[in-house]
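Take this structure first; my questions come after.
Both ligands and their constituent atoms are indexed starting at 1 by order of listing. Because only heavy atoms are used, hydrogens play no part in the values below, and waters and symmetry mates are left out as well, while side chains stay in. Note that the numbering runs from 1 along the sequence shown for the chain. All of these numbers come straight from a predicted model, not from anything done at the bench.
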Amino acid sequence: MNLKTTYLGFELPHPFVVGASPIAAKLDRVRQAEDAGAAALVMNSLFEEQILHHEAGLAEHVYSHEESYAEATSYFPSPEDFHLGPDEYLERIREIKQAVDIPVIASLNGTNLGTWMEYAKYMEEAGADALELNLYYQPRSDEETCEQVEGGLIEIVEKVRQSVKLPLAVKLSPFFSSLPCFVKQVEEKGANAVVLFNRFYQPDIDIENLEAVPSLKLSDSSELLLRLRWLAILAGRTQLNLAVTGGVHTHEDAVKAVMAGADAIQLVSTLLRNGLPQITKLRRELAQWMEEREYESLAQMKGSMSYQHAPNPEAIERANYLRILQSWDVQD
Ligand SMILES: Cc1cc2nc3c(=O)[nH]c(=O)nc-3n(C[C@H](O)[C@H](O)[C@H](O)COP(=O)(O)O)c2cc1C
């Protein structure tokens, strides 16, 4: 089965890519990912805060996993490995590039215009094949307007684009008043792909001790639905490559993502939970599923369920929504 796809200018044998996660923090994990057939690898992010040498910055609690998440402890590197400083991060890019042949996508994570953006250039110099820019921003002030928030983020994309020639993917949150318009601006600034979607750090509340509790739960397939909707809306409307991240656990999830319009499928939770051979399994099962339904290639299936291919998608959506609402009643 021809599962070939193009992402960020790379001809990939299939769409399964290791998403940004601690998997890239250990060289033997990276080699295992390549051996399992990963089409490409996104590194864990270098955070603005790490670069700006904040003592207890976002990086410490955004993906803090020690107490909150025991499920995949065997896959986690020690905190020292995970929270690499900027120089160590660049060194890690060089090491990974020497260790594997698959495309290596470095990840830069930040929200404010600043000197940290120079690291895009350093990542390029260190040999990264592409860059994923994670725009992790959660507005809290009622003084900051939507235009300011979005304008600031777009300026980061623009500045990073100007500083590197590397293929550039922008990882977004779903929280935009008009995502298609924002994506259009990302495209105009010269990015090559968008990655849908960031999962924000969502601390729980300990109601007895009145404390915010760090928590990081792995995803399940239900998270995919939000992504499917936006992939389906964006596919065909933008020239950017579309990558999905969030909620792909089975080959059926992968089929849905491709049908909605994804060019690449990033995997994290399912790899942390099941190990890296999961990549091999998903690839095999996807090919088998497609063979059984007489697809000839991934390209043939891509975007087949995007909104572009529906005659009147808005009407379908609202009509279905009303029907579903009316189908509920109190259990007797
Ligand atoms: C332990 C862990 C660490 C992560 N680290 C990063 C990171 O450094 N940068 C980033 O952009 N996303 C990071 N993510 C988010 C993932 O890349 C991915 O977007 C998210 O987990 C949703 O995909 P999934 O459903 O396949 O897990 C991390 C996720 C997990 C679970």
Side-chain angles (χ1 to χ4, degrees), residues 15-26 29 33 38 40-51 57-79 81-84 86 89 92-93 105-111 119 123 130-137 168-174 193-202 214-228 230-231 242-251 253-254 256-257 262 264-276 278-279 282:
F16 296 111
V17 170
V18 175
S21 66
I23 292 169
K26 280 193 167 175
R29 294 285 182 229
L41 169 98
V42 186
M43 292 177 66
N44 49 310
S45 300
L46 178 61
F47 289 81
E48 174 181 348
E49 288 78 0
Q50 283 172 290
I51 298 170
L58 192 64
E60 287 301 324
H61 52 256
V62 168
Y63 295 120
S64 159
H65 48 263
E66 281 164 289
E67 323 100 60
S68 56
Y69 165 57
E71 200 177 354
T73 34
S74 63
Y75 269 86
F76 282 118
S78 64
D81 285 339
F82 188 39
H83 300 304
L84 296 176
Y89 191 95
R92 180 54 52 84
I93 295 176
I105 304 168
S107 168
L108 194 54
N109 192 320
T111 55
Y119 274 80
M123 287 172 169
L131 181 64
E132 187 173 287
L133 177 65
N134 185 332
L135 296 178
Y136 188 107
Y137 190 65
L168 177 64
V170 181
K171 188 169 179 178
L172 299 174
S173 84
V194 281
V195 184
L196 310 177
F197 286 119
N198 249 335
R199 292 167 88 221
F200 280 147
Y201 167 63
Q202 300 179 83
S215 85
L216 173 60
K217 294 198 170 58
L218 295 187
S219 71
D220 58 45
S221 296
S222 66
E223 289 202 23
L224 183 62
L225 298 182
L226 177 72
R227 276 95 183 151
L228 292 181
W230 287 107
L231 284 167
L242 301 174
V244 63
T245 177
V248 177
H249 289 262
T250 65
H251 69 277
D253 294 338
K256 292 175 194 175
I265 297 173
Q266 296 192 0
L267 306 170
V268 172
S269 290
T270 189
L271 303 184
L272 294 174
R273 200 173 272 144
N274 302 304
L276 293 161
Q278 179 73 354
I279 301 168
L282 286 176

Using heavy atoms and a 4.0 Å limit, tell me yes or no: is Thr270 in contact with ligand 1?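 Flag not set, Thr270 not near ligand 1.
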
Using a 4.0 Å heavy-atom cut-off, say whether Asn198 meets ligand 1 through its side chain, its backbone, both or neither.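 Looking at Asn198 and ligand 1, no heavy atom falls under 4.0 Å.
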
Using side-chain hydrogen bond (donor to acceptor under 3.5 Å, both in side chains) as the criterion, list what pairs up with Ser219, not counting sequence neighbours.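 Ser219: side-chain hydrogen bond (donor to acceptor under 3.5 Å, both in side chains) contacts with His249, Ser269.
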
Please answer whether the main-chain N or O of Leu276 pairs with a side-chain N or O of Arg29 as donor and acceptor at a distance below 3.5 Å.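 No, Arg29 side chain to Leu276 backbone: no donor-acceptor pair under 3.5 Å.
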
Per-residue contact class, Asn134 against ligand 1 - non-hydrogen pairs under 4.0 Å: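 Near ligand 1, Asn134 shows its side chain, while the N, CA, C and O stay back.
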
Just going by heavy-atom distances, which of Pro22, Gly247, Ser107 is nearest to atom 2 (C) of ligand 1?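 Answer by nearest heavy atom: Pro22.
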
With heavy atoms of Leu272 as the reference, note each atom of ligand 1 found under 4.0 Å away.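 Heavy-atom distances to Leu272 below 4.0 Å select 31 (C).
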
Do side-chain atoms of Tyr89 reach the backbone of Asn44 as a donor and acceptor pair under 3.5 angstrom?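 Side chain of Tyr89 to backbone of Asn44, a donor-acceptor pair under 3.5 Å: yes, one is there.
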
With a 4.0 Å heavy-atom cut-off (strictly under), which part of Leu218 contacts ligand 1: side chain, backbone, both or neither?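 Answer for Leu218: side chain.
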
Just by distance, do the side chain of Glu48 and the backbone of Thr111 share a donor-acceptor pair under 3.5 Å?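 Yes: the side chain of Glu48 pairs with the backbone of Thr111.
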
Pick, from Lys171, Arg199, His249, the option with the minimum heavy-atom distance to atom 15 (C) of ligand 1.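 Checking each option, the heavy atom nearest atom 15 (C) of ligand 1 is found in Lys171.
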
Under 3.5 Å, N or O to N or O, is Glu132 touching ligand 1 that way?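 Checking ligand 1 against Glu132, no N or O pair falls under 3.5 Å apart.
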
Taking a cutoff of less than 4.0 Å between a non-hydrogen atom of the residue and any ligand atom, is Glu223 in contact with ligand 1?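 No, that is not the case, since the closest heavy atom of the residue is not under 4.0 Å from the ligand.
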
So, does Val248 sit close enough to ligand 1 that a heavy atom of it is under 4.0 Å from the ligand?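 Contact check Val248 vs ligand 1: negative.
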
Using a 4.0 Å cut-off to any heavy atom of Ser219, which atoms of ligand 1 qualify?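 So the atoms of ligand 1 that pass are 24 (P), 25 (O), 27 (O).
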
Interfacing atoms of ligand 1 (cut-off 4.0 Å, heavy-atom, Asn44):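 What qualifies from ligand 1 is 8 (O).
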
Contact check: Ala20 vs ligand 1, nitrogen or oxygen atoms, below 3.5 angstrom: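 So ligand 1 has an N or O lying under 3.5 Å from an N or O of Ala20.
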
Using 0.5 Å steps for rounding, measure from the CE atom of Met123 to the CD1 atom of Ile105.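 The CE atom of Met123 sits 12.5 Å away from the CD1 atom of Ile105.
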
For Thr245, what residues pass the side-chain hydrogen bond (donor to acceptor under 3.5 Å, both in side chains) criterion, not counting sequence neighbours?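 Partners of Thr245 under the side-chain hydrogen bond (donor to acceptor under 3.5 Å, both in side chains) test: none.
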
Leu41 CG to Ser21 OG distance, which is reported to the nearest 0.5 Å: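 Between Leu41 CG and Ser21 OG, I get 7.5 Å after rounding to 0.5 Å.
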
Any heavy-atom pair between the side chains of Ile51 and Leu108 that's under 4.5 Å?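 SC-SC contact between Leu108 and Ile51 confirmed.
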
Rounded to the nearest 0.5 Å, what separation is found between the CD1 atom of Ile265 and the CG atom of Leu242?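 One gets 12.0 Å once the value is rounded to the nearest 0.5 Å.
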
